[in-house]
Undergrad: 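Just dropping this structure here.
Keep in mind that the numbers below use all heavy atoms, side chains included, and drop hydrogens, waters and symmetry copies.
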Amino acid sequence: MLGLGAARLEADMNRLMALLFHQGVLDEQFMQLQQLQDESSPNFVSEVISIYFRESEKLLKNLRSLLADRECTDYRKIGIHLNQLMGSSSSVGAKRVRTVCLAFRAASEHNNWSGCLRSLEVLEHEYCYLKTKLHELFQMEQQRVMAAGARYHPLLS
C-alpha cells in the first residue's frame, strides 16, 4: 500500500497527465510507451524521452541555423529536419510539437521565410513546455517511488 506522500504524488502525477492530454500536449502514443515499461526496464520511458530531447535539441539548433540568413535558407534541408522531428515526436506522443512541425513544414514548402521563423518560435515554445512538464512528471515519479520505499512502480498505476 502506498504511503500518504506516495499517494499524494501519484494523484499529482495523474492530474498532470490528465492536463497534458486535455491540452493536446501528449497523445495515446505516450501511454503506449508507458506500457512498455516494467520491472526489467524501470526507466524505459525516461530514457526514451531523454534520447528524444537530446536529438530534438540538435534538430532545433539546425533549424535555427538554416533560418539565420534569409538569402541562404535551404528549405529542402528544413523539410528533412522537420520530418525527423515529426517522426520522433509522433513516436513519443508529443502531439502539439508534431502539429507545429506540420505547419512549419507547410511554410517551408512555400519558401516562406517569415512563416518559417514564426513557426520556429512556436515550435521552440511548445518544445520547452513539453520538456518542462515531462521533467516535472518524471521528478514526481522519482519522488513517488522513493516515498513508497519501492524499487519500481510503473509511471501510472
Undergrad: Are R105 and C101 side-chain neighbours, meaning at least one heavy-atom pair lies under 4.5 Å?
TA: no
Undergrad: How long is the span from the OG1 atom in T99 to the CG atom in L123, to the nearest 0.5 Å?
TA: 11.0 Å
Undergrad: For G115 and N112, work out which heavy atoms get closest and say how close.
TA: N-OD1, 2.7 Å
Undergrad: Show every salt bridge (charged side-chain N to carboxylate O under 4.0 Å, His left out) that has at least one partner inside residues 121-134, sequence neighbours left out.
TA: E57-K131, R64-E124, R96-E126, K133-E136
Undergrad: Heavy atoms, side chains only, cut-off 4.5 Å: are Q34 and F44 in contact?
TA: no
Undergrad: Atom CG of L26 and atom CE of M17: how far apart are they, to the nearest 0.5 Å?
TA: 6.0 Å
Undergrad: Report the C-alpha separation of E55 and K58 in whole Å, then their side-chain angles, then the decisive distance to 0.1 Å, and conclude whether the side-chain contact (heavy atoms from CB on, under 4.5 Å) test is met.
TA: CA-CA 5 Å; E55 294 305 311; K58 292 175 192 172; 3.3 Å; yes
Undergrad: Does I49 share a hydrophobic cluster with L36, counting links as ILVMFWY side-chain heavy atoms below 4.5 Å and allowing steps through other members?
TA: yes
Undergrad: Treat each ILVMFWY residue as a node, draw an edge where side-chain heavy atoms are under 4.5 Å apart, and state whether I80 and F104 are in one component.
TA: no
Undergrad: Using the test side-chain hydrogen bond (donor to acceptor under 3.5 Å, both in side chains), find all partners of S89 that sit at least two apart in sequence or belong to another chain.
TA: Y52
Undergrad: Run the side-chain hydrogen bond (donor to acceptor under 3.5 Å, both in side chains) test against S40 and tell me which residues pass, sequence neighbours left out.
TA: D38
Undergrad: Shortest non-hydrogen contact from S41 to Q37?
TA: O-CG, 3.3 Å
Undergrad: In Å, rounded to the nearest 0.5 Å, how long is the span from NE2 of H135 to CG of L130?
TA: 13.0 Å
Undergrad: Restricting to salt bridge (Lys or Arg N to Asp or Glu O under 4.0 Å), what partner residues turn up for K95, sequence neighbours left out?
TA: none
Undergrad: Taking all non-hydrogen atoms of both residues into account, name the closest pair between M140 and L16 and its distance.
TA: CE-CD2, 3.4 Å
Undergrad: Does any N or O in the side chain of Q29 come within less than 3.5 Å of the main-chain N or O of V92, such that one atom is a donor and the other an acceptor?
TA: no
Undergrad: Mind checking what makes ring pair (Phe, Tyr, Trp, His ring centres under 6.0 Å) contact with Y127, not counting sequence neighbours?
TA: F53
Undergrad: Shortest non-hydrogen contact from Y75 to C116?
TA: CE2-SG, 4.0 Å
Undergrad: Is the side chain of W113 donor-acceptor paired with the backbone N or O of T73 at a distance under 3.5 Å, no angle test?
TA: no
Undergrad: Any side-chain heavy-atom pair from S108 and L82 closer than 4.5 angstrom?
TA: yes
Undergrad: Mind checking whether I78 and D74 have side chains closer than 4.5 Å, heavy atoms only?
TA: no
Undergrad: Atom CG of L137 and atom CG of N14: how far apart are they, to the nearest 0.5 Å?
TA: 9.5 Å
Undergrad: In the hydrophobic clustering that connects Ile, Leu, Val, Met, Phe, Trp and Tyr at side-chain heavy-atom distances below 4.5 Å, which members other than M86 occupy its cluster, ordered by chain and number?
TA: L102
Undergrad: Picking from S88, S90, S91, what satisfies side-chain hydrogen bond (donor to acceptor under 3.5 Å, both in side chains) with R98?
TA: S90
Undergrad: So, taking the atom named CD in Q35 and the one named CD in E28, what distance separates them when rounded to the nearest 0.5 Å?
TA: 11.0 Å
Undergrad: Within the supplied structure, the quantity of interest is the number of heavy atoms (other residues, nucleotides, ligands) at a distance under 6.0 Å from Q142 CD; does it exceed 12?
TA: no
Undergrad: Kindly work out whether a path of hydrophobic side-chain contacts (I/L/V/M/F/W/Y, heavy atoms less than 4.5 Å apart) joins V25 to M31.
TA: yes
Undergrad: Show the nearest heavy-atom pair for residues L20 and Y129, with the distance to one decimal.
TA: CD2-CE2, 4.2 Å
Undergrad: Would you compute the distance between atom CD of E141 and atom CD of E10 and round it to the nearest 0.5 angstrom?
TA: 8.5 Å
